Amino acid sequence: MSATAQAASSSHVRGAAVRFEHVQKSYDGVVLVVKDLNLDIAPGEFVTMLGPSGSGKTTCLMMLAGFEPATHGEIFLNDKPINNVPPRKRGIGMVFQNYALFPHMSVAENLAFPLEIRKLGKSERDAKVKRALDMVELGAFGNRRPAQLSGGQQQRVAVARALVFDPDLVLMDEPLGALDKQLREQMQYEIKHIHESLGVSVVYVTHDQTEALTMSDRVAVFQDGVIQQLSSPDELYESPQNSFVAQFIGENNKLSGTVTNVNGDRCTLTLDDGTRIMAEAVNIDGVNSHSTISLRPERVELEPTESRDNVVNGIVKEVLYLGDHLRIVMSVAGNDEFIVKVPNGGRSVTPVEGQSYKLGWSAGDAKALDSVG
Amino acid sequence: MSASSTELSHSQTHPAADPLTRDGQPLKKSLARALRREKLRALLLISPLLIFVLVSFVMPIGDMLFRSVENKIVADTIPGTVRALANWDSNSDEPPAESVFAALANDMMLAQEKKTHTRLGSRLNYDQPGISSVFRKSGRRVKKLDNEAAKAAFVAINPNWDTPAAWGTLRSTVAWPEQFPMTAISFRHWVAWLQSEEGDDADPEAMVPHGFTYASLYHDLSNMPATSLESLATSSNTDAAALFEGIADQLDAFPSDDFKSQFADIDKGWLRVDNWQAIKRLSPRIVDSYFLAAIDSERTDLGIQRKPDNERIYLLLFVRTIALSLVITCSCILLGYPIAYLLANLSVRASNLILILVLLPFWTSLLVRTSAWKVLLQQQGVINDLLVWVGIVNDSGRLVMINNMTGTIIAMTHILLPFMILPLFSVMKTISPTYMRAAKSMGASDSLAFWRIYFPNTIPGIGAGSILVFILSIGYYITPELVGGTTGVFISNRIAYHISSSLNWGLAAALGTILLVLVMALYWAYDRIVGIDNVKLG
């Protein structure tokens with residue numbers, strides 16, 4: 001897996017399963033929905049396009065599938081340009097948002113459909129259908145109609161149908177959106193395991209960050225038709241490149257101020273109320289530029305016992321008991337929605353609303369992002 | 001409280017079989033009671049429509065359909081004749097005996113008084129052409145028939161026969177009316193005739209009946225077994241015994257009015273065996289003659305047979321109606337499918353515009369639309385003019401597109417097209433475009449994806465549209481009437497003719513019943529083959 005990530009990080013490698021080169025897309029000739037997209041996907045990789053609705057992620061998927069033409073740029077599939085290849089000749093498996101199982105065919109007929117088109121013999125067809133159904137643990141459901149299956153079962157059939165003709169690449173367009181939370185989590189693992197055992201490349205579109213973090217080798221975070229960050233899930237969470245990514249992935253406290261000192265990868269910010277904060281310089285423009293510090297709530301310690309790079313006072317506004325942790329809303333350095341998560345270790349002090357407490361965190365957890373000149 | 005009621009329910013004889021409510025009532029019963037109120041309220045809501053439909057629709061239609069077999073006019077108008085004919089062998093070559101003619105004279109006396117004999121003649125004429133004039137002619141002259149011979153003979157044997165008391169005595173005997181069936185009918189007729197002639201003041205108790213009734217009495221007596229006659233003459237009722245004394249010996253030599261030859265003098269038709277066969281055949285109150293006529297058949301002395309070729313019409317019309325309806329349904333599918341597809345797949349704005357164009361004919365009067373087709377299709381019409389102008393046909397070879405089958409097909413396809421488009425449209429709208437995308441992503445070409453994925457999902461719409469169009473067209477009347485000429489008319493036009501022109505309602509009802517059964521059979525077959533739950537109207 002590390003090899004895959006490595007290969008993907010250097011651009012324009014030979015042998016990419018999918019490559020977007022300067023792809024742009026506009027529906028109305030006025031607004032660019034996708035602005036200059038460049039993306040390489042290695043064979044066998046699981047890449048998720050994550051973003052809020054309208055960010056261009058589904059458009060990218062549709063261009064890759066061939067249902068939408070690219071306005072500019074070129075898309076390559078196994079190093080062959082496919083802009084002029086119709087969808088049916090691309091050989092891409094696809095799982096649709098509402099499954100798109102053919103209602104007039106049984107489950108087995110649904111799975112056999114792509115095989116029939118490929119003119120496989122009956123026995124070979126049956127064997128492949130059986131194998132695909134067994135893979136999603138629906139071996140006994142071949143004769144049912146899609147309407148007779150539960151949502152989760154239909155989902156699995158859709159996955160099996162996208163894989164039954166052994167495509168190199170499978171596209172999934174928010175396939176778990178219609179399922180309830182528990183089923184969704186279960187399906188995430190199943191899809192992940194199927195991907196691992198088959199070794200196909202998967203491009204997965206979702207707006208659910210948990211889904212993206214759980215399943216992907218790499219996640220492309222979309223916003224306004226631009227990939228904001230493309231990296232592995234842990235990197236995405238630990239080292240967001242800008243405040244949109246930091247905000248979109250997980251929870252995040254923002255503290256804005258002016259950079260007063262830069263020293264290697266460390267810098268010092270003076271917040272609007274005069275507080276000085278040591279932070280990691282991720283994405284700043286040098287001294288005197290404006291910047292925003294991004295800080296994960298669980299990295300903040302309440303009443304720190306050891307010495308910390310940063311120690312700031314905060315006033316407790318609200319305490320929520322969430323079982324495994326306490327969620328405390330505080331007023332810190334002018335930010336009235338500063339959130340602190342305190343693990344329920346049994347020993348910790350119970351904060352009292354209206355009281356002032358010391359908060360501490362290390363400079364490496366505070367990321368200085370988004371310089372504005 | 002709850003503990004005690006639990007104990008109570010456990011102490012019941014069937015503790016586990018039926019669940020009980022807390023007061024020990026069976027749960028099912030309580031539920032039914034709770035639901036009954038709601039059901040009654042629901043029924044109350046639909047009751048105005050239900051009553052309206054029953055009174056103005058179900059009952060008249062039921063009555064109309066019943067007319068296809070109902071035939072009480074014969075038995076009601078000439079009951080005596082029908083009774084007397086029971087003894088006549090319709091396969092014999094001889095017209096019936098004198099007793100039948102005596103009964104006919106009796107029946108006709110009242111019928112002409114009530115003016116019902118012409119209606120009977122018309123009814124019989126449907127099955128026996130020509131018989132209506134026989135009845136009409138006889139009605140005028142039946143009053144002048146000689147009928148005094150039998151009465152004179154009775155009075156000669158016993159003068160008391162000329163007194164009202166004699167008839168009072170006869171009618172009080174235990175044998176009346178069972179042993180004097182014809183006399184009883186005749187007497188009843190005479191009373192009705194008398195009251196019709198002289199008003200309700202006339203007192204039949206104070207008069208003796210007319211000679212026809214004496215003739216009937218003679219025929220009843222001569223048909224009686226000897227023992228019955230004897231027991232009459234020796235009955236304990238001395239008045240009655242006196243009346244019948246000596247009659248038995250003279251019956252053989254009784255004078256006759258010879259109604260048979262008198263009727264034959266009025267019209268030779270009364271001696272024709274086929275006329276009498278028709279009357280006898282149509283005597284029952286329920287007959288199948290209308291249905292036989294509706295399938296170009298008739299009942300002859302050889303059984304049920306097809307009518308001669310030149311008299312056949314209805315089977316051809318049924319076949320033509322069904323065949324043309326199928327052609328119209330198919331052309332509606334062919335023309336309507338692409339439009340419905342456009343409607344379902346264009347933008348809302350464009351599809352609304354097309355929908356208005358589809359519905360526009362709906363808002364125009366049927367008559368106007370049909371007349372417009374006359375203007376367009378006739379030989380000097382717009383289309384022919386255009387074809388001549390373009391030079392596709394020359395002026396002498398103008399196409400005949402109206403007043404024939406072509407006209408019916410074109411006009412009806414146009415009129416029924418919306419009934420195909422609308423269900424198709426509503427079904428197509430529910431078909432997600434991702435089905436086609438999915439099929440294409442799996443490698444299907446456009447046409448393969450259409451035929452394997454899209455088309456099968458539209459079949460419920462085709463089914464619904466076809467049922468609508470087919471059933472509407474099979475009973476269509478106005479358009480074939482106006483543009484069908486002779487080769488393009490439907491069975492419904494013939495039904496309308498019998499309802500309003502020939503007034504043969506029985507035949508119209510039989511044709512209608514066959515049409516109804518045919519449609520229901522097709523519906524049943526459709527349900528068996530396609531499944532009616534596969535039909536979607538929206």
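The sequence lines fix the lettering, A, B, ..., with proteins before strands; numbering per chain opens at 1. Computation of the quantities below employed the complete heavy-atom set of this structure, encompassing side-chain atoms and omitting hydrogens, waters and symmetry-equivalent molecules. Everything quoted here is computed from the prediction, not taken from an experiment.
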message: A quick test of your reading: do over 12 heavy atoms of other residues, nucleotides or ligands sit less than 6.0 Å from OH of A:Y189?
response: no

task: Flag the pair B:S432 / A:F96 as yes when at least one side-chain heavy-atom distance between them is below 4.5 Å, and no otherwise.
output: no

query: Can you tell me if OH on B:Y523 sees more than 12 non-hydrogen neighbours from other groups inside 6.0 Å?
result: no

message: Can you tell me which of A:R118, A:R90, A:K89, A:Q97 forms the most heavy-atom pairs within a distance under 4.5 Å of chain B?
response: A:R118

query: Quick one: NZ on B:K440 to CD1 on A:I117, what's the gap to the nearest 0.5 Å?
result: 12.0 Å

field: Structural part of A:F165 lying under 4.5 Å from a heavy atom of chain B
entry: side chain

- request: Determine the option with the most heavy-atom pairs under 4.5 angstrom with chain A, choosing from B:A439, B:A438, B:A449.
  value: B:A438

query: Between B:I453 and chain A, which part of the residue has a heavy atom less than 4.5 Å away: side chain, backbone, both or neither?
result: both

Validation row: A:N98, B:T434 side chains within 4.5 angstrom (heavy atoms): no

message: Given heavy-atom pairs under 4.5 angstrom as the criterion, report whether the side chain, backbone, both or neither of A:L171 touches chain B.
response: neither

statement: Smallest heavy-atom separation, B:Y435 atom then A:F102 atom, equals O-CE2, 3.3 Å

query: If only atom types and distance count, is the side chain of A:H104 paired as donor or acceptor with the main-chain N or O of B:R452 below 3.5 Å?
result: yes

field: Other residues, nucleotides, ligands: >12 heavy atoms within 6.0 Å of A:D180 CG
entry: yes

message: With a 3.5 Å distance limit and no angle check, can you tell me whether A:R88 reaches the backbone of B:D446 through a side-chain donor-acceptor pair?
response: no

Flag if over 12 foreign heavy atoms under 6.0 Å of NE2, A:H207: no

task: Sort out for me which of A:G91, A:P167, A:A100 touches chain B most, counting heavy-atom pairs under 4.5 Å.
output: A:A100

